[in-house]
Amino acid sequence: MNTIDKFNSHVMHTYGRFDVVLDNGKGRSASDENGKKYIDFGSGIGTNSLGYCDNDWVEAVCNQVKKIQHTSNYYYTAVQAEFSEKLCDITGYDKVFFGNSGAEANECAIKLARKYSFDKYGAGRHNIITLVNSFHGRTLCTLSATGQDNFHQYFFPFVEGFKYTPANDIQALEEMLDDHVCGIMIEFIQGEGGVVPLNESFVKAVRKICDEKDILMIADEVQTGVGRTGKMLASENFGVKPDITTLAKGLAGGIPVGCCLASEKCSDVLTPGTHGSTFGGNPIACAGGCVVLSKIQSQGFLDEVSKKSRYIFEKLSNMNGVASVSGMGLMIGISLKEKKAVDIVRAALDEGLLLLTAKEKVRLLPPLTISYEEIDEGLGILEKLLAK
């Protein structure tokens, strides 16, 4: 039995997988089990932020595996202390809770916002406003927070306490505000919603409302954070600092991790027994995360991300078959004039290029370390496919 048949015989069919078995990777390329090489413009949906098997990352992770792979959170580890210090220093937040994924990070943010309000105002002030077209995870609670009707199927009853308002419509948001709202949760760029950035004026208006009404501003930066937009946090591009920011995906360079960062205003809300995670802050993930943060903080790294972004945007904007380009940094959505995104993604596999989709768009989330030579080679493949 080959790998795909064996896989499909035993793994639930929860993904529409392509018929490729990836076996190994180095730098910004992966190879399948037959030795075919692929330039990766998806980085594991934005997770392999340093590409495949970065030398410093591999050394740190392997050294940690040899030292201690796990200990419960009843005890301390030096590597979690180091990771949390680096993370708070680079983001400017006060404290962090570690989980294993973006959905877990967002669950923590939701609980934190509700408990903050309960502690200060009592029961009943628990609603969280999110945006239409948002995506916050696949747990029952984060699906409920997600502002897309197509996700609100099958798993009834959903978690109550969420309202949805159109993005960039401050009047509609203001009309939803009442004494039952404790938080407003946004993505600065709606990734799964089609790589659609928010307007800066809307974001700043949300910040102002939250300040005036003592509502917590929550930023879901699971996909936009960790250098993806040319800044450590996408919020820096919009000139605001949310009360809570969640991160995951690229944070540990390919090892499962998620975190909920809290400002001083709400960093002591969650107390012993109110939240937890068996694997949260796992030493191996923290070791990988320390390397990722060190690389991002290195001289000129984020400037290069921004330069590569401008280079890609310019190339795509002049490409036949491209209707428009959206996004920020190395988080890019491509609307096509005639061809279907999923058809291009499938055809790109035959040409040795890994791409993603987001709704009707082709989505690019290349490793932050991708070279200009690799960009040119990948875009050359895309251009050829669009010309067919």
Side-chain angles (χ1 to χ4, degrees), residues 25-30 38-57 90-92 187-191 195-200 203 221-240 247 249-251 253-254 291-320 322 324-335 348 353-356 358 361-383 386:
K26 187 64 182 175
R28 279 70 58 183
S29 297
Y38 302 82
I39 297 172
D40 191 352
F41 271 22
S43 63
I45 317 184
T47 299
N48 295 335
S49 48
L50 303 180
Y52 294 97
C53 304
D54 172 88
N55 290 338
D56 296 327
W57 182 89
I90 193 173
T91 62
E187 302 162 280
F188 294 104
I189 305 171
Q190 295 183 327
V195 198
V196 183
L198 298 183
N199 295 337
E200 185 175 331
V203 171
E221 292 225 35
V222 168
Q223 192 168 144
T224 59
V226 199
R228 178 56 57 184
T229 65
K231 301 287 186 182
M232 173 60 191
L233 300 178
S235 58
E236 298 173 53
N237 296 294
F238 292 81
V240 300
L247 300 173
K249 290 195 180 294
L251 183 56
V291 175
V292 171
L293 294 182
S294 293
K295 298 265 184 181
I296 285 175
Q297 284 185 293
S298 64
Q299 184 70 32
F301 185 94
L302 290 175
D303 290 338
E304 272 300 304
V305 170
S306 296
K307 288 177 184 176
K308 291 169 189 173
S309 171
R310 291 192 291 271
Y311 183 79
I312 294 171
F313 267 79
E314 183 178 356
K315 290 271 188 180
L316 289 171
S317 297
N318 294 318
M319 197 176 288
N320 289 332
V322 172
S324 62
V325 187
S326 63
M328 187 180 293
L330 294 180
M331 181 177 180
I332 301 167
I334 309 167
S335 294
L353 177 65
L354 304 181
L355 298 171
L356 300 166
K361 297 180 182 179
V362 173
R363 176 171 41 158
L364 309 185
L365 293 171
L368 304 182
T369 55
I370 195 163
S371 69
Y372 287 96
E373 182 181 0
E374 289 160 335
I375 291 170
D376 285 341
E377 187 175 352
L379 291 182
I381 292 170
L382 179 60
E383 186 170 30
L386 290 176

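One is the number of the first residue; the rest follow in order along the sequence. Hydrogens, waters and symmetry mates play no part in the numbers below; they use all other heavy atoms, side chains included.
With sequence neighbours left out, Glu200 forms a side chain to side chain donor-acceptor pair (under 3.5 Å) with Lys204. For Ser326, the side chain to side chain donor-acceptor pair (under 3.5 Å) partners two or more places apart in sequence, or in a different chain, are Lys361. The side chain to side chain donor-acceptor pair (under 3.5 Å) check on Gln223 picks up Glu192, Arg363, with sequence neighbours excluded. With sequence neighbours left out, the side-chain contact (heavy atoms from CB on, under 4.5 Å) criterion links Phe313 to Ser309, Val325, Ile332. Evaluation of the side chain to side chain donor-acceptor pair (under 3.5 Å) rule for Lys307 yields no partner, not counting sequence neighbours. With sequence neighbours excluded, the residues satisfying side-chain contact (heavy atoms from CB on, under 4.5 Å) with Leu386 are Met319, Val322, Leu336, Lys339, Ile344, Leu382. Checked against ring-ring contact (aromatic ring centres under 6.0 Å, His included), Phe188 has the following partners two or more places apart in sequence or in another chain: Phe238. Take Lys308 and apply the side-chain contact (heavy atoms from CB on, under 4.5 Å) test, not counting sequence neighbours, and it matches Glu304, Leu330, Ile370, Tyr372, Ile375.
Looking only at side-chain heavy atoms (C-beta outward), Asp40 and Tyr38 stay at 4.5 Å or farther from each other. Counting heavy atoms from C-beta on, the side chains of Thr224 and Met328 never come closer than 4.5 Å.
Judged as a salt bridge (Lys or Arg N to Asp or Glu O under 4.0 Å), not a single pair has a partner in residues 223-240 (not counting sequence neighbours). Pairs of residues two or more places apart, or lying in two chains, that qualify as salt bridge (Lys or Arg N to Asp or Glu O under 4.0 Å) and include a residue from residues 43-54 are Asp54-Lys295.
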Identify all side-chain donor-acceptor contacts of residues 42-49 below 3.5 Å with residues at least two apart in sequence or on another chain.
from, atom 1, to, atom 2, distance (Å)
Ser43, OG, Gly46, N, 3.4
Ser43, OG, Leu365, O, 2.5
Thr47, OG1, Gly44, O, 3.0
Ser49, OG, Gly250, O, 2.8

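Counting only N and O atoms by type, the side chains of Ser317 and Glu314 include no donor and acceptor under 3.5 Å apart.
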